[in-house]
2 protein chains.
Amino acid sequence: MPKVGMEPIRRQQLIAATMAAIDEVGLADATVMRIARHAGVSAGIISHYFGGKDGLLEATMRQILTDLGDAVAARRRGLANHGPRAHLQAIIEGNFDRSQVTGPVAKTWLAFWASSMHKPELARLQQVNDRRLYSNLCAQFRRVMPQQDARYAARTLAALIDGLWLRGALTPEGLDAESARRAALATLDQLLSTHSTSAA
Amino acid sequence: MPKVGMEPIRRQQLIAATMAAIDEVGLADATVMRIARHAGVSAGIISHYFGGKDGLLEATMRQILTDLGDAVAARRRGLANHGPRAHLQAIIEGNFDRSQVTGPVAKTWLAFWASSMHKPELARLQQVNDRRLYSNLCAQFRRVMPQQDARYAARTLAALIDGLWLRGALTPEGLDAESARRAALATLDQLLSTHSTSAA
DNA sequence: TTTTATTGATTGAACGTTCAATAAAAGAAT
DNA sequence: ATTCTTTTATTGAACGTTCAATCAATAAAA
């Protein structure tokens, strides 16, 4: 059934199938055959479009990071002249959207996270994303407190976000996004209240 | 060089070698041969003492959890009639000791964490450990605040601990245990100060 | 007829496990 | 003490399996 212009379609199908396979059996057992079966195509097509399994995995991680960045950016749109608290809240809520914080994406994200410890290319992607979150947080905190305090607050909030989300990925019931958001926002307010000279 | 009573020695050697191998190349590439080479023995010995590779991995995770539990318990010893703040501080510091929060143990722990998403036996171990941390935290918070608030505080602090520790495992420089401890203790004080009727 | 898309059998490498062989140590017998 | 026997510890080659990658064959579309 060859039709022209299949490339973008197949790429999306295979990326989605990769997440589905990882969600189902984990990264270690997500073979090219299983991924291909999920997408309804043959195994050979993966090497054709992604150069090999590694290329597909990298593309999948890149997709997840892009979606996450978009979710945060969308919530910050139109907040240009708002206070830091509004921006920080948007960052938190964007991170707990994470395209779909429940289901395949969350498990795939955690699997890549662990895998990035020993795969330089994945580590690079993960680090770029990480620094973006940190410097975004830091820049907003910086508006109401000294740099050193801002750095500390950013590190604390970033760790809390990751921790909440990580625990959500592991509990059988999935992440309770509502209560996670509440915990992060409450901690945010306490981090801000220490320097409550100019609230916004 | 067979000597009697090698079993406990070999088991310890192989568990240590497993962590070293996972630290070096990751769980996915930690083959029985590589682990055996680290321990200076042949590959066949793993099946002999642990029944197979899975048995060794499970024993390794169990060891890490035991060490973690011991580190916390040791710091809480003799705190029987102290206030909740002392117990919570001991729990935090025990978790940032983690036998050796830096090096092989940290990476191995994270690798197992991710792997437990799809291996029921590892998931069981991880869950037992998780519930222990949570209920310990909850019991102490419960002494100075209503149950619902205590549960919220316990979940927040547990997530922060995991998040700090997780980020430490991923940064190339390793976890800055000192600054992580400071962040967790500061958050602890803020969680307690909301209900600062009876400080101890 | 040429181009684009796809298949699936094949290949070669890597893995975990098994097991017969081996050898040191411990115990028994001279 | 020395030799023989049994037990315990260990090896490493062989086996069967699984996987990712390849590529000649195929077929729809242009």
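Labels below follow one simple rule: chain letters A, B, ... track the order of the sequence lines, proteins then strands, and each chain is numbered from 1.
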Rounded to whole Å, how long is the line connecting atom [atom1] of [X] with atom [atom2] of [N]?
| X | N | atom1 | atom2 | result |
| --- | --- | --- | --- | --- |
| Met6(A) | dA30(D) | CE | C1' | 16 Å |
| Leu27(B) | dC15(C) | CG | C1' | 14 Å |
| Ile35(A) | dC19(D) | CD1 | C1' | 12 Å |
| Glu7(A) | dT3(C) | CD | P | 18 Å |
| Leu56(A) | dA21(D) | CG | C1' | 14 Å |
| Asp29(B) | dA13(C) | CG | P | 18 Å |
| Asp54(A) | dA21(D) | CG | P | 7 Å |
| Arg10(B) | dA9(D) | CZ | C1' | 8 Å |

Has the side chain of [X] got a donor or acceptor atom that lies under 3.5 Å from a matching backbone atom of [Y]?
| X | Y | result |
| --- | --- | --- |
| Thr171(B) | Gly168(B) | yes |
| Asp23(B) | Met19(B) | no |
| Arg11(B) | Tyr49(B) | yes |
| Asn95(B) | Ile91(B) | yes |
| His118(B) | Ile22(A) | yes |
| Ser115(A) | Phe112(A) | no |

Side chain of [X] (C-beta onward), nearest among [options]:
| X | options | value |
| --- | --- | --- |
| Ile45(A) | dC19(D), dT7(C), dT17(C) | dT7(C) |
| Ala43(B) | dG16(C), dT17(C), dA20(D) | dT17(C) |
| Val4(A) | dT10(D), dT11(D), dT4(C) | dT4(C) |

**Item:** Toward the 5' end of DNA chain D, by each residue's nearest nucleotide, Gly5(B) or Gly44(B)
**Value:** Gly5(B)
**Complete:** If pairing means Watson-Crick or G-U wobble with both distances under 3.5 Å, then the partner of dT10(D) is dA21(C)
**Request:** With a 4.0 Å heavy-atom cut-off, tell me which residues in residues 46-53 of chain A come close to DNA chain D, sorted by residue number.
**Result:** Ser47(A), Gly52(A), Lys53(A)
**Message:** Please classify the nucleic acid contact of Ser42(B) as base, sugar-phosphate, or nothing, using heavy-atom distances under 4.0 Å.
**Reply:** base
**Prompt:** Can you check whether Trp165(A) reaches Leu166(B) side chain to side chain, under 4.5 Å on heavy atoms?
**Reply:** no
**Message:** Check the phosphate of dC19(D) against Arg34(A), side-chain N and O only, distance under 4.0 Å to OP1 or OP2. Yes or no?
**Reply:** no
